[in-house]
Every structure is written in structure tokens, then in C-alpha cells.
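Below: the structure, in C-alpha cells.
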Amino acid sequence: MELSEQELVRRNKLEEIKKLGIEPYPAALFEVNANSADILEHYERDKLNYKNISMAGRIMSLRQMGNAAFAEIQDARGRMQIYVKRDEICPGEDKTLFNSVFKKLLDIGDIIGVKGYVFTTNTGTISVHVTSLTLLTKSVRPLPVVKVDSEGKAHDVVSDPELRYRQRYVDLIINPEVRNVFVQRTVIINSMRNFLNERGYLEVETPILQSIPGGAAARPFVTHHNALDIPLYLRIANELYLKRLIVGGFDAVYEFAKDFRNEGMDRTHNPEFTQMELYVAYKDYEWMMSLVEEMLEKIAMDLYSTTKVAAGENTLDFHRPFQRVRLFDAIKEHAGVDVSNMSEEELRKTCKELKIDVAPSMGKGKLIDEIFSAKAQHHYIQPTFIMDYPVEMSPLCKKHRTIPGLVERFELFINGKELCNAYSELNDPLDQRARFEDQMKLAERGDDEAMTIDNDFLRAIEYGMPPTSGVGIGIDRLTMLMTNSSSIQDVLFFPQMRPERF
RNA sequence: GAUUCCGUAGCUCAGCUGGUAGAGCAUAACACUUUUAAUGUUAGGGUCAUGGGUUCGAAUCCCAUCGGGAUCACCA
């Protein structure tokens, strides 16, 4: 690999540093007793506490002024200006540390530790007056420089998505708002986990490698186990395993699960994604709607201390209760057709009239779903539960208690996108077996996402699964919503990319 | 998978109807003891994604490949 001019310069500097007897990658710890955010926040009120501070970070800018210099160093909490004066860091006759090391051999991107005292410059910037400086890591690759002017406008922002996603470490260093999205992602997950734990629900782990990939309609990734000499599939959902645990006697289990689906990628789909699935015994889908409302409201409050969240041009309000609309009513309202009593043939005709593309492999349920997706879905900006789906598209869901042909299922739509999917879970083992058989018929028609029959799961619910309600919430999409991110790549540290060639 | 747009210095971008490349920042040198997109003077840095083709001549036009974005299909 050919080195650029700047890389050669930095490697030469590295040698110079070593020749001066300075270790560019020291082993010893560097004791830190302050960080940038803490200093900026508390210094004015509590000046005495900042007479003797020690902090570390990456050099992000350097302004040489002869025998003094200003630099900004960035630590995990933000940026801090430091002031380095020659005679302060070199009190004796030997001025090498300043003249050679600091002025010539340090670069933007290097990581240093500084000790000194906090003061305010003539122009009013809280800064660290450095009395001693230690090189902690020499950087040999030039870091893109983003400058922010006095109006707060950033110049030369690295916006190339390829660089940002492939080299997330660079993105995180130079684009400060990126870090915040990921911190918020963790706030969301912690908020959800606390909410569930407070109710006594048990967090569990279930297999990722499965011999029958069940619980969703999707194409799986296939791998191979050498010792067993069998194909294994990366899970597309963990639903069937969590329900087995309900059979086993747990009354509420949940899992933050990485699921894998071998399908197209775009700004709302990554091959691996995270879902939180929760199953609670002796509950139904009405109860689950209330729980989801309460949980999302709490997450918004934990993030922003308000239920209002910006999403593009819209402001979402997570204040309970959310609107509840039956699927057929939603279609009636937005597509102007009543599909509640239509046969498959009539549905096909209706799709044609509405100019919706359909495939021959689509059954009745799928056709209704197509109409909803094309005509109604995008209207639901504020959190809305769409409920009561046709039985054909929900093979794991219990039949509706009063309306024939429907199941007790809801999906939550926010900003026109599906965020979660929930059922009164089907626990009638004979019905479940029949539903699996219907799925096999769909598979025979060419639906490569139809579910395969899982005999062990059937055996489990034959022992008896209590009435149970379950929900799956897409964590990546929830994070997108809550952080106003328009693509899933922005809420995943390392989104899937084609392998890079070096 | 389909359509479409893009790929020029470490970074952000110019580059006209084809005449073998420019700027700012960054880098190097000098000056400067409170600056802040620091400043001033000077210098270096590019197989124009890759491979073909058209042409006297290609960053520019055409084709293919690689990578990325957007839209669509599939899906969450």
C-alpha cells in the first residue's frame, strides 16, 4: 500500500519522537480527574476545584502562536481548549518538549494527556492552562478536519455515507451528533428494559442458530454445523422459543434479539436487526396495547422529558392513549372499499382497480395487506394501533373472540411506518396445526416466506400454553423514530456493507 | 434484483461545447506569548475509482467492472 505524503510525514515524526526518548504508545495508565463537559459546566461556579486538573483526549485543532499555542482536545464528553506556553511546560533550559515535540511533532488526531489549571481567556473561553503534557498515542493517519466557525456553522463536514458507515470510528470522532444518536439508542433500550424489569418480567436468551427458522414470514440465512452435519438457520424471530418458555411456566419473558433476514437492504432494512419480543401469560392484545402505550410514553419522557418528538416535518406525540383503528375501517376510510366480506377473486379485482400490483402466490390476507400498505398506512403519522387482521396472514395469532375470519392482532404505526406487531397468541394446538398446514399450502403456491411446520412447538402447546399476549418491537426503527434519523444505517454502528477491497 | 445519479489531492468541492488539472482546509518551512474557521509569506502533494473503446488529443463522450446514494421490488 502506497503511503501518502502526509502519512510519510507522520511516520517520520514517529521516528523523531522515539529518537528523543519519548514512547509514542506508553503502557502506563494516565490518571484523569476531569473531563471537558464537567469543566465547562462547573468551572464558573466552583473555580477552586479546577486548580489541578488532569485530562486526556484527541487533538482536534492546533493554533500555533510562536512561544504559545492553543489546541482543542476532544474527550468522551466533548471538547476543551487548552493553552500551552513554552516556559510553562519547559521551565528549565531545555525547551525541546515545546519547540520540537509540541510545535513540530504533534498533529491533529494525536491523543495526549495534560495537567494544569482551568482559566478563562481574554476572549472568554474556558481553557486549560497546561503545565505538563504527555503524548499518549501518536496518530499516523491524517484525520479529516471539520472546522466550526463563530456562527456555529461547520465547514468541510464529512458527509460521504460510505466513509461514515465503513469507518464509523472516524465518523464518531469528527461528527459529534453521531455519538449522541447511539447514546440515545442505549437510553431507549435501558428505558425499555427498566420498564419491563420493574414489572417483574424475566429477560431471557434463546437460540440464534435454529434448525427450523420460525415465528415470522421471511427468508433466512443458512449455515452449516460441521459436527452435526446439518443445515442451521439464523433466527428470523424468537417467538416460538419464548412461547415454549411460557409453556414451561414463566409468566412473562422478554428478549432483545438480533434477528437475521436474507432480504433486500435499504434505508429501513439491514440484514441483521434488533427486536424486543415480550410474552405475558394470562393477558390479551387489548392489555398489550395499553402496555405498549405506557412503555413508549415512558421512553419519550426518559429521552426528552416530553411526549413530543420531532420526526422530519412532523411532531409525534406519544401521550397516551393512542388511536385504535380496525384494519377494515382503515381500508374503508383511505381506499374507499369494504374488504370485510370479499372473496379472494373480488380482492384481486379491487387491487386491479386501485392499481396495486399483486402476485399469483398471494392469498386473501396478503391481498388485504397490500391494499392497506398502498392506500392507508402512510396516513398514520401519530401513533395508531391498527387492529383485527384477517386470519390468513397471521398463522400464530388467536382467532378473534367475536368476529369470524379475523384474529386478535394489532400493529402499531407511527410516522407511516410499522413499529410493532402483537397478538393474543394462538394456544389452541389443533388450530395451530391447521394454520401451519395452510402455510404449507402457500409454500406450495410459491410463497417462499411461508412458515414451515414446527412439530416441537406444536408438541409444546399441546401440553398447554396459558392464554398469552405477545409483542415484537423493532428497536432499530424505534431508535430511528426517537432520534429523527431517516435511515437505519444511522442508528447502527456498523451497518452491513459490501466488503471493502484493500 | 431493476431503474437512475455519483466516484477529481488527506477532507470539502470547482473543472464550460473534449486541448493531459484548480481552490479552501489539512501537510511542510519561516514569523508571531490569550488565539478561536487564528493570521501573514512560501512550498510540496493527483495513474481524475478500475479496464477497454472513440479521437490527432479524454477528468470530460461510449461500453464494461467495482463501490456508494436515491427510487422501486421483497420485507420489519
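Fair warning: this is a prediction, and the values are worked out from it, not measured in the lab.
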Legend entry - Integer angstrom distance from the P of B:rG52 to that of B:rG68: 24 Å

Inset, instruction - Please collect all salt bridge (Lys or Arg N to Asp or Glu O under 4.0 Å) contacts where either partner lies in residues 378-389 of chain A, sequence neighbours excluded, each pair once. - result: A:Arg326-A:Asp388

Legend entry - Whole-angstrom distance between B:rA14 and B:rC66, as gauged at atom C1': 26 Å

Inset, instruction - Consider the side chain of A:Asp149, meaning its heavy atoms from C-beta on, and name the nucleotide among B:rA37, B:rU33, B:rG68 that approaches it most closely. - result: B:rA37

Legend entry - Given RNA chain B, 5'-ward residue of the pair A:Ser159 and A:Asp107, judged by closest heavy atom: A:Ser159

Legend entry - Sorted by number, the residues of residues 7-14 of chain A with heavy-atom contact under 4.0 Å to RNA chain B: A:Val9, A:Lys13

Legend entry - Euclidean distance for P, B:rC25 against B:rU20 (whole angstrom): 26 Å

Inset, instruction - Pick the C1' atom in B:rA76 and in B:rC62, then give their distance to the nearest Å. - result: 42 Å

Legend entry - B:rG67 to B:rA73 separation - P atoms, rounded to the nearest Å: 24 Å

Legend entry - Spacing of A:Lys364 atom NZ and A:Leu347 atom CG [to the nearest 0.5 Å]: 7.0 Å

Legend entry - Nucleotide of B:rA37, B:rC11, B:rC74 approaching A:Lys147 most closely (side-chain heavy atoms): B:rA37

Inset, instruction - Can you sort out the partners of A:Glu203 under salt bridge (charged side-chain N to carboxylate O under 4.0 Å, His left out), two or more places apart, ordered by chain and number? - result: A:Arg193

Inset, instruction - Starting at atom CG of A:Asp160, determine the distance to atom P of B:rG10, rounded to an integer number of angstrom. - result: 14 Å

Legend entry - Rounded distance (nearest 0.5 Å) linking atom CG of A:Asn421 with atom OG of A:Ser394: 7.5 Å

Inset, instruction - Sorted by first residue and then second, give each salt bridge (Lys or Arg N to Asp or Glu O under 4.0 Å) pair with at least one member in residues 489-500 of chain A; sequence neighbours left out. - result: A:Arg164-A:Asp490

Inset, instruction - Determine whether A:Ile299 and A:Phe318 make a side-chain contact, defined as any pair of heavy atoms from C-beta on separated by less than 4.5 Å. - result: no

Inset, instruction - Run through A:Tyr380, A:Phe322, A:Tyr285 and flag the one making a ring-ring contact (aromatic ring centres under 6.0 Å, His included) with A:Phe385. - result: A:Phe322

Inset, instruction - Starting at atom CD1 of A:Ile73, determine the distance to atom C1' of B:rU35, rounded to an integer number of angstrom. - result: 16 Å

Legend entry - Set of residues satisfying salt bridge (charged side-chain N to carboxylate O under 4.0 Å, His left out) with respect to A:Arg324, sequence neighbours excluded: A:Glu286, A:Glu293

Legend entry - Candidate nucleotides B:rG68, B:rA38, B:rA76, ranked by approach to the side chain of A:Met65 - the nearest: B:rA38

Inset, instruction - Measure from the ring centre of A:Phe70 to the centre of the six-membered ring in the base of B:rA38, then say whether that distance is under 5.5 Å and the planes meet at under 30°. - result: no

Legend entry - Presence of salt bridge, A:Glu444 and A:Lys441, under 4.0 angstrom: no

Inset, instruction - Decide yes or no, distance alone: a donor-acceptor N/O pair under 3.5 angstrom between the base of B:rC74 and the side-chain of A:Asp357. - result: no

Inset, instruction - Between B:rA73, B:rA37, B:rU33, spot the one nearest the side chain of A:Asp266, thanks. - result: B:rA73

Legend entry - Nucleotide nearest A:Arg498 when distance is taken to its side chain, options B:rG68, B:rA37, B:rU34: B:rG68

Legend entry - Separation of B:rC32 P from A:Leu62 CG (nearest whole Å): 18 Å

Legend entry - Non-neighbouring partners of A:Arg477 that pass salt bridge (charged side-chain N to carboxylate O under 4.0 Å, His left out), sequence neighbours left out: none

Legend entry - C1' gap between B:rC56 and B:rC72, integer Å: 45 Å

Legend entry - Spacing of the P atoms in B:rU54 and B:rU12 (rounded, Å): 35 Å

Legend entry - Toward the 5' end of RNA chain B, by each residue's nearest nucleotide, A:Gln489 or A:Gln275: A:Gln489

Distances for protein N or O near nucleotides 41-44 of chain B N or O, under 3.5 Å:
{"residue": "B:rG44", "atom": "N2", "partner": "A:Glu5", "partner atom": "OE1", "Å": "2.3"}
{"residue": "B:rG44", "atom": "N2", "partner": "A:Glu5", "partner atom": "OE2", "Å": "3.4"}
{"residue": "B:rG44", "atom": "N3", "partner": "A:Glu5", "partner atom": "OE1", "Å": "3.4"}
{"residue": "B:rG44", "atom": "N3", "partner": "A:Glu5", "partner atom": "OE2", "Å": "3.2"}

Inset, instruction - Please identify each residue that fulfils salt bridge (charged side-chain N to carboxylate O under 4.0 Å, His left out) with A:Lys95, with sequence neighbours left out. - result: A:Asp87

Inset, instruction - Under 4.0 Å between any heavy atoms, over every strand shown, what does A:Val157 touch: base, sugar-phosphate, or nothing? Just pick one. - result: sugar-phosphate

Legend entry - Contact under 4.0 Å: A:Arg63 side-chain N or O vs B:rU35 OP1/OP2: no

Inset, instruction - Using a 4.0 Å heavy-atom cut-off across all strands, classify A:Glu72 as base, sugar-phosphate, or nothing. - result: nothing

Inset, instruction - For A:Phe494, check ring-ring contact (aromatic ring centres under 6.0 Å, His included) against everything at least two apart and list the hits. - result: none

Inset, instruction - Dot-bracket notation for RNA chain B is requested: 5' to 3', Watson-Crick or G-U wobble pairs only, both distances under 3.5 Å, with ( ), [ ], | and . as defined. - result: (((((((..((((.....[..)))).(((((.......))))).....(((((..]....))))))))))))....

Between the protein and nucleotides 21-24 of chain B, list the N/O to N/O atom pairs that are separated by less than 3.5 angstrom.
{"residue": "B:rG24", "atom": "N2", "partner": "A:Asp156", "partner atom": "OD2", "Å": "3.0"}

Inset, instruction - Give one of base, sugar-phosphate or nothing for A:Ser61, where a contact means two heavy atoms less than 4.0 Å apart. - result: nothing

Legend entry - Heavy-atom check, side chain of A:Glu88 versus side chain of A:Tyr83, under 4.5 Å: no

Inset, instruction - Choose from B:rG69, B:rA26, B:rA37 the nucleotide whose nearest atom is closest to any side-chain atom of A:Val145. - result: B:rA26

Inset, instruction - Quickly work out the A:Arg267 CZ to B:rA76 P distance and round it to whole Å. - result: 17 Å

Inset, instruction - Please confirm whether A:Phe413 and A:Phe372 have ring centers closer than 6.0 angstrom. - result: yes

Legend entry - SB check A:Glu41 A:Arg77 (cutoff 4.0 Å): no

Inset, instruction - Could you check whether A:Asn270 gets within reach of a base, just the sugar-phosphate, or nothing at all, counting any heavy atom under 4.0 Å? - result: base

Inset, instruction - Please determine if A:Glu344 and A:Arg348 form a salt bridge, counting it only when a charged side-chain N lies under 4.0 Å from a carboxylate O. - result: yes

Inset, instruction - Taking atom P in both B:rA58 and B:rU39, compute the distance separating them and give it to the nearest angstrom. - result: 41 Å

Legend entry - Any A:Arg477 side-chain nitrogen or oxygen under 4.0 Å from OP1 or OP2 of B:rA76: no

Legend entry - Minimum side-chain heavy-atom gap A:Met60-A:Val146 below 4.5 Å: no

Inset, instruction - Strictly below 4.0 Å, heavy-atom distances to any atom of RNA chain B: list the hits from residues 80-106 of chain A, or just say none. - result: A:Gln81, A:Tyr83, A:Lys85, A:Asp87, A:Lys104

Inset, instruction - Could you tell me whether a side-chain N or O of A:Ser127 sits under 3.5 Å from a main-chain N or O of A:Thr125, the two making a donor and an acceptor? - result: yes

Inset, instruction - Could you tell me whether A:Gly264 contacts a base, only the sugar-phosphate backbone, or nothing, with contacts defined as non-hydrogen atoms closer than 4.0 Å? - result: base

Legend entry - Donor-acceptor under 3.5 Å (A:Glu263 side chain, A:Arg219 main chain): yes

Inset, instruction - Describe the nucleic acid contact of A:Arg164 in one word from base, sugar-phosphate, nothing, applying a heavy-atom distance below 4.0 Å. - result: nothing

